[in-house]
Amino acid sequence: MKTVTVKASKIYDVQIAGGLLSAAGESLTKLFPAPRKVMLITDDTVRALWGDRLIATLKDVGYTVSEFVFPHGESSKTAATIVSMWEALAKENLTRTDFVAALGGGVVGDMAGFAAATYLRGIPFVQFPTTLLAMVDSSVGGKTGADLAVGKNLIGAFHQPSAVFCDTDTLSTLPDNIFADGCAEVIKYGYINDPELLELLKKPFADAPDEIIARCVSDKRDLVEADERDTGARQLLNLGHTAGHAVEALSDFTISHGCAVAIGMVLMAKAAVTAGLCEADVPAHIEAMLKAYHLPTKCPYGAAELAQVALSDKKRKGGSITLVLPDRVGNSRLHPVPADSLTEFFEGGLK
Ligand code: NAD
Ligand code: GLY
């Protein structure tokens, strides 16, 4: 088993291994001695596949378990679902010594975390991520929230989990396209600042899943510890995301998040080369890596439409927008550009 310890406003372990869902109860009793109430929050797909084994271990160690199950998918990530979660927590009389168990992908983790952050002004929660994206990104670092009709993740709170259990067995039931989306985020860490991860990724993911996930988690841990509230270094995690979010939105979300981030990484690398800010071999390196993981690299949209959407994103600060640009293979940095030069900058990425 791999363990990564995060020392943010809360200190917690991220454990990575096969079989953790069935064994989690014992380790949880060290944090939350029984008896306690636990609200399992999950979606319908994950409940059917993986819910029983988590419930069994929670009950075995003496917890009282209730469930809140919602329909899978981003369309459930709404304020209305959060209200239903609060009502379920109140109906079951959970108190601040009880906890929420979030079992699922990023949608479950973000919303269960937000419900836990706000119910009774904050109760503990534990993450059991079941997608690759959730294991390497969303379950770590304490960003929680939900979407509004006008945009994604517009409501939320920082609320660190008390523990994270990445049971890599759960990846066995992931559809290929959802696994590939997670691979885009894994690859992203390599180009932010982890050239050794890029070496590991030259071999098939299945050769070393725990090692790869642990590397990504410790890369994210380092950025979260340096900048928990996301005002500086943590923004490096947005590599590929500024253009990627625009691609996702312009496609009316028919291009998935991971595919859009992949396209966004290539675009930013090419734009950085055109601007004289990046070594010339980087775009081809990124493209080859993405293709090996069955991810797209070509952007179907023009610079002006991408810039228009990117500038409406919440990452914009007044008259400038902070981009994440690779400068060599395995390293990226933050680069603010004036909002009115973004179209020209993106044009450099579409040559
Ligand atoms: P998701 O939670 O919607 O999961 C994708 C699909 O996979 C769902 O249909 C789900 O039911 C299914 N699924 C989950 N685990 C499965 C398994 N083991 N086997 C079979 N099917 C399974 O999406 P996601 O890609 O995990 O997460 C995306 C969300 O994460 C977005 O809402 C995004 O905003 C958020 N996010 C948050 C952060 C953060 O720091 N908090 C970071 C990145 C992304
Ligand atoms: N996924 C971006 C962050 O956690 O900051």
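The residues of the chain are indexed from 1 along the displayed sequence. The figures that follow rest on heavy atoms only: side chains count, while hydrogens, waters and symmetry mates do not. Order of appearance sets the numbers: ligands from 1, and atoms from 1 within every ligand.
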Visitor: Does either side chain, that of Ser84 or that of Thr81, offer a donor lying less than 3.5 Å from an acceptor on the other one?
Guide: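 Judged by distance alone, the side chains do not pair up.
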
Visitor: Carefully, step by step, assess Asp327 and Leu277 under the rule side chain to side chain contact (heavy atoms under 4.5 Å, CB included).
Guide: CA-CA 6 Å; Asp327 52 10; Leu277 298 167; over 6 Å; no

Visitor: With distance as the sole criterion, is a donor-acceptor pair present between the side chains of Asp13 and Thr5 under 3.5 Å?
Guide: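 Yes.
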
Visitor: Please determine if Asn238 has a nitrogen or oxygen closer than 3.5 Å to a nitrogen or oxygen of ligand 2.
Guide: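 No, Asn238 has no N/O under 3.5 Å of an N/O on ligand 2.
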
Visitor: Is the ring centre of Phe32 less than 6.0 Å from the ring centre of Phe99?
Guide: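 Phe32 vs Phe99: aromatic centres under 6.0 Å.
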
Visitor: Name the closest protein heavy atom to atom 4 (O) of ligand 1, giving the residue it belongs to and the distance to 0.1 Å.
Guide: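 Sorting protein heavy atoms by distance from atom 4 (O) of ligand 1 puts Thr131 CG2, 3.8 Å first.
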
Visitor: In terms of residue, atom name and distance, what is the protein heavy atom nearest to atom 11 (O) of ligand 1?
Guide: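 Protein heavy atom with the smallest distance to atom 11 (O) of ligand 1: Asp43 OD2, 2.7 Å.
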
Visitor: Polar-atom distance check: Asp230 versus ligand 2, any N or O pair below 3.5 Å?
Guide: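 For ligand 2, there is no N or O atom that lies under 3.5 Å from one belonging to Asp230.
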
Visitor: Does Val140, backbone or side chain, put an N or O under 3.5 Å from an N or O of ligand 1?
Guide: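 So ligand 1 has no N or O lying under 3.5 Å from an N or O of Val140.
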
Visitor: Of all the non-hydrogen atoms in the protein, which one sits nearest to atom 2 (C) of ligand 2, and at what distance?
Guide: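 Going atom by atom, the protein heavy atom closest to atom 2 (C) of ligand 2 ends up being Lys143 NZ, 3.9 Å.
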
Visitor: Which ligand 1 atoms are under 4.0 Å away from a heavy-atom of Thr170?
Guide: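 Counting from 1, the qualifying ligand atoms are 17 (C), 18 (N).
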
Visitor: Compute the minimum heavy-atom distance from Arg47 to ligand 1 and say whether it is under 4.0 Å.
Guide: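 Per 4.0 Å heavy-atom rule, Arg47 does not contact ligand 1.
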
Visitor: State, without any angle test, whether Asp181 and His257 hold a side-chain donor-acceptor pair at a distance under 3.5 Å.
Guide: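 Their side chains do not contain a donor-acceptor pair, so the 3.5 Å distance test is not met.
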
Visitor: Evaluate Thr144 for polar contact with ligand 1, using N/O atom pairs at a separation under 3.5 Å.
Guide: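 In fact, backbone or side chain, Thr144 has no N or O that close.
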
Visitor: Is Asp52 salt-bridged to Arg47, cutoff N-O under 4.0 Å?
Guide: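 Looking at Asp52 and Arg47, the cut-off is met.
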
Visitor: Just so I know, are the side chains of Arg234 and Leu236 near enough to count as touching, which here means a heavy-atom distance under 4.5 Å?
Guide: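 No - every pair of side-chain heavy atoms lies 4.5 Å or more apart.
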
Visitor: At under 4.0 Å between heavy atoms, is it the side chain or the backbone of Leu171 that contacts ligand 1, or both, or neither?
Guide: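 It is neither; nothing of Leu171 touches ligand 1.
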
Visitor: Note the single closest protein heavy atom to atom 13 (N) of ligand 1, along with its residue, its atom name and the distance in Å.
Guide: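 The closest heavy atom on the protein side is Val46 CG2, 3.8 Å.
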
Visitor: Would you tell me whether Asp98 and Thr95 have side-chain atoms, one donor and one acceptor, within less than 3.5 Å of each other?
Guide: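 Present: a donor and an acceptor within the cut-off.
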
Visitor: Only heavy atoms of Lys77, strictly under 4.0 Å: list the atoms of ligand 1 that pass.
Guide: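 Atoms satisfying the 4.0 Å criterion: 31 (C), 32 (O), 33 (C), 34 (O), 35 (C).
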
Visitor: What I want to check is whether the side chains of Trp50 and Thr42 have a donor and an acceptor closer together than 3.5 Å.
Guide: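 No.
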
Visitor: What atoms of ligand 1 come closer than 4.0 angstrom to any heavy atom of Ile178?
Guide: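 The list of qualifying atoms is 5 (C), 6 (C), 7 (O).
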
Visitor: So Phe68 and Phe70, would you call those rings parallel, tilted or perpendicular, with 30° and 60° as cut-offs?
Guide: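 Tilted.
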
Visitor: Between Ser218 and Asp222, do the side chains contain a donor N or O and an acceptor N or O under 3.5 Å apart?
Guide: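 Per modelled atom types, Asp222 and Ser218 side chains form no pair under 3.5 Å.
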
Visitor: For ligand 2, does Asp137 get within less than 4.0 Å through its side chain, its backbone, both, or neither, judged by non-hydrogen atoms?
Guide: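 The answer is the side chain of Asp137.
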
Visitor: Tell me, which protein residue and heavy-atom name are nearest atom 1 (P) of ligand 1, and how many Å apart are they?
Guide: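 Answer, as residue, atom name and distance: Val107 CG2, 3.9 Å.
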
Visitor: For Phe125 and His159, I'd like to know if the aromatic rings sit close, meaning centre-to-centre distance below 6.0 Å.
Guide: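 Centroid distance Phe125-His159: below 6.0 Å, so yes.
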
Visitor: Counting non-hydrogen protein atoms only, what is the nearest one to atom 38 (C) of ligand 1? Give residue, atom name and distance.
Guide: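 The closest one turns out to be Ser138 CB, 3.2 Å.
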
Visitor: So if I count the atoms of ligand 1 from 1 in the order they appear, which ones are less than 4.0 Å from some heavy atom of Lys220?
Guide: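 Listed by number with element: 40 (O).
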
Visitor: Check ligand 1 against His72 and write out every atom of the ligand that is under 4.0 Å from a heavy-atom position of the residue.
Guide: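 It comes down to these atoms of ligand 1: 9 (O), 11 (O).
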
Visitor: Tell me which one of Gly106, Gly156, Pro175 gets a heavy atom nearest to atom 23 (O) of ligand 1.
Guide: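 Shortest heavy-atom distance from atom 23 (O) of ligand 1: Gly106.
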
Visitor: In the structure I gave you, are the side-chain heavy atoms of Phe158 and Lys143 within less than 4.5 Å of one another anywhere?
Guide: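 In short, these two side chains touch, coming nearer than 4.5 Å.
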
Visitor: Salt bridge or not between Glu196 and Arg215? Use side-chain N to carboxylate O under 4.0 Å.
Guide: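 Counted as a salt bridge, because a side-chain N and a carboxylate O are separated by less than 4.0 Å.
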
Visitor: Between the candidates Val261, Thr173, Asp147, Leu174, which shows the shortest non-hydrogen contact distance to atom 22 (C) of ligand 1?
Guide: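 Selected option, by shortest heavy-atom distance: Leu174.
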
Visitor: Considering the heavy atoms of Lys220, write down every atom of ligand 2 situated less than 4.0 Å from one of them.
Guide: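 Per the distance check, 1 (N), 3 (C), 4 (O).
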
Visitor: Which of the numbered atoms in ligand 1 are below 4.0 angstrom from a heavy atom of Gly105?
Guide: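 Within the 4.0 Å cut-off of Gly105, ligand 1 contributes 2 (O), 26 (O).
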
Visitor: Which ligand 1 atoms, with their elements, are less than 4.0 angstrom from a heavy-atom of Leu49?
Guide: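 Reading through ligand 1 atom by atom, the close ones are 19 (N), 20 (C).
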
Visitor: Please tell me if the side chains of Leu103 and Ile41 come closer than 4.5 Å, counting only heavy atoms from C-beta onward.
Guide: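 The answer is no, as the side chains (C-beta and beyond) never meet within the 4.5 Å cut-off.
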
Visitor: What residue and atom, counting heavy atoms only, is the protein's closest point to atom 35 (C) of ligand 1, and at what distance?
Guide: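 In this structure, atom 35 (C) of ligand 1 has Asp110 OD2, 3.4 Å as its nearest protein heavy atom.
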
Visitor: Compute the shortest N/O to N/O distance between Thr130 and ligand 1 and return yes if it is under 3.5 Å, no if not.
Guide: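 N/O-N/O distance under 3.5 Å: yes.
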
Visitor: Under 4.0 angstrom from ligand 1, any heavy atom of Asp137?
Guide: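 Flag set, Asp137 near ligand 1.
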
Visitor: Quick test: of every protein heavy atom, which one is nearest to atom 44 (C) of ligand 1, and how far off is it to 0.1 Å?
Guide: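 Ranked first by proximity to atom 44 (C) of ligand 1 is Leu133 CD2, 3.7 Å.
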
Visitor: Relative to the heavy atoms of Glu74, which atoms of ligand 1 are at a distance of less than 4.0 Å?
Guide: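 Result: 31 (C), 32 (O).
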
Visitor: Using a 3.5 Å distance criterion without hydrogens, assess whether the side chain of Ser320 forms a donor-acceptor pair with backbone atoms of Pro338.
Guide: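 Answer holds: no.
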
